[in-house]
Amino acid sequence: MNPYDLRFADPSSYHDRRSDLTVAPTFAPPAPVAAANLNPYAAAYPLPVPVPVPAAPAGGDYQRYGQGGRGRDGLDSLALPKPDFRSLIPFEKNFYVECPSVQAMSEADVAQYRRLRDITIEGRDVPKPVRYFQEANFPDYCMQAIAKSGFVEPTPIQSQGWPMALKGRDLIGIAQTGSGKTLSYLLPGLVHVGAQPRLEQGDGPIVLILAPTRELAVQIQEESTKFGSYSRTRSTCVYGGAPKGPQIRDLRRGVEIVIATPGRLIDMLEAGHTNLRRVTYLVLDEADRMLDMGFEPQIRKIVAQIRPDRQTLYWSATWPREVEALARQFLQNPYKVIIGSPELKANHSIQQIVEVISDHEKYPRLSKLLSDLMDGSRILIFFQTKKDCDKITRQLRMDGWPALSIHGDKAQAERDYVLAEFKSGKSPIMAATDVAARGLDVKDIKCVINYDFPTTLEDYIHRIGRTGRAGASGTAFTFFTHANAKFSRNLVKILREAGQVVNPALESMSRSSNSTGGGNFRSRGRGGFGNRGHMSGSNTFPLGGRRPY
DNA sequence: AAAAAAC
């Protein structure tokens, strides 16, 4: 029996769990693949032979799968029927060949290497880390790109993540942004593309990368274009707020790699401009945000279009317990690699200063900070709301500061302009909502100021991570008010872990606060507060008092 | 009680 046979015991009960697959460990000689597209290292391993798959039963079955969507957000139109995965042909997995010098590493050497770089691993048959680019066994088209980039050695996440991803296995990768995460999945993605038959007319992408904001998607595509050029791998970015025409043209012309934000991709799928039948390498970047309340249904809808035997890679700087069960639904027997402490952890090269103040002291303090800090280098200020973000930006500009504001209610053209002005240093102060909290890679941000404390500690870690990137140092100032007391205990923990001096005012708050460490992932809507109707009763005692947690 | 993501 073919190991990649995608028939299900009972197709009508199919619910997108790969445990449904019938997988038998039978391998046969490689299938012929166009020489130019062949991963040279795949030749060392036998590949499965495509066997003719019985034609899908006509009409009826296919139609039936598409009906009865599960979403609650109006996304489930009949325009996106569930694909008939049974008619899909096998694809080539990545086959990592450990090079001799890696093979020669003793277990003690491996343990030492991981310990020194703070690498924690989980999973069965974990490959040894690669210490040098040459050890990763990348094909030439990757090595040329690396050589051109000027990098000297793999970052910790790359040294362990590459051999894992190159084995064709699912992967959970947890590391700070700026630690080389993007290349950790991009290069194995290029190798994966290289092993597949060429795209044919009407084929959608082979690699799909999903990101939570438009700016992040664009940034990933810039890397992808740069590193893919040596293998003439085409990529395009599909995101909202921009004209559809060029995106449609790219999709119809055929691109191996698509980087997308969920909404526009679903739009494109429903309009039939592309399809995900050939996607066999799926990346969720900043994945804990992708599985956030508002995003999860969209992600489910997209993933339902992708064959279940794909390789899936989950990346984030944080790994909240609350998403673990959710994330594992999308992954099959994953490796896990964590850089740094498995606990919520900030980048140690950032100096974190928390100031306990009241709301009316915030603006004067901000003015003073800017006067002290401003030397032309970049300063990023975070706000809780779009309204405050705009309001304070206006105030700053009236006071003569070169500040611009970015958030999700602004036209994409303005977002692009503001980010470009900030990146170029023409406007060195950027005020932002959490749209800019994750993954954005702007060089030389001197300091981050949290004008408002974020909604979760994960967001705190992401926000301050905009500074101190790629080994540079940086400073994060955080205005902390009594309204934020519930975060104080865990914030102190984060500061301690990062070796920071803890503000005594914050510390005394953390001692007197009866918090459980609030700000848990998606704490809203989980029977916390702010629920509607009868659900809110679950949080109160019969006598009407708050449950004491 | 916020932000993001499609028209």
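We name chains A, B, ... by the order of the sequence lines, and we start the count at 1 in each one.
- A ring pair (Phe, Tyr, Trp, His ring centres under 6.0 Å) with A:Phe480 is found for one member of A:Phe487, A:Tyr460, A:Phe453 and no other, namely A:Phe453.
- Between A:Thr213 and the phosphate of B:dA5, there is no side-chain N or O to OP1/OP2 separation shorter than 4.0 Å.
- Residue A:Arg415 places at least one side-chain N or O under 4.0 Å from the OP1 or OP2 atom of B:dA5.
- In this structure, CG of A:Leu80 is placed 15 Å from P of B:dA6, rounded to the nearest angstrom.
- To the nearest angstrom, C1' of B:dA3 lies 11 Å from NE2 of A:His407.
- A:Leu440 places its CG atom 17 Å from the P atom of B:dA3, with the value rounded to the nearest Å.
- When only modelled atom types and interatomic distance are considered, A:Tyr281 and A:Gln196 share no side-chain donor-acceptor pair under 3.5 Å.
- Here A:Thr455 does not reach the OP1 or OP2 of B:dA3: none of its side-chain N or O atoms lies under 4.0 Å away.
- OP1 and OP2 of B:dA2 both lie 4.0 Å or more from every side-chain N or O belonging to A:Lys387.
- Between the CD atom of A:Glu296 and the P atom of B:dA4 there is a distance of 20 Å, given to the nearest Å.
- In this structure, A:Leu210 places its CG atom 11 Å from P of B:dA6, rounding to the nearest Å.
- In this model, the phosphate group of B:dA4 is not approached by any side-chain N or O of A:Arg214 to a distance below 4.0 Å at OP1 or OP2.
- A donor and an acceptor atom, one from each side chain of A:Thr280 and A:His192, are located under 3.5 Å apart.
- Between the side chains of A:Glu507 and A:Asn503, no donor-acceptor pair is found at a separation under 3.5 Å.
- Of the candidate nucleotides B:dA5, B:dA4, B:dA2, B:dA2 has the atom lying nearest to any side-chain atom of A:Thr385.
- At whole-Å resolution of the value, CD in A:Glu270 and C1' in B:dA5 are 14 Å apart.
- Residues A:Asp288 and A:Tyr314 have side chains that never bring a donor and an acceptor to within less than 3.5 angstrom of each other.
- In this structure, CZ of A:Phe383 is placed 16 Å from P of B:dA2, rounded to the nearest angstrom.
- Contact annotation for A:Asp434: no contact, since no heavy-atom pair falls under 4.0 Å across all strands.
- Rounded to whole Å, the distance from CG on A:Asp390 to P on B:dA3 is 11 Å.
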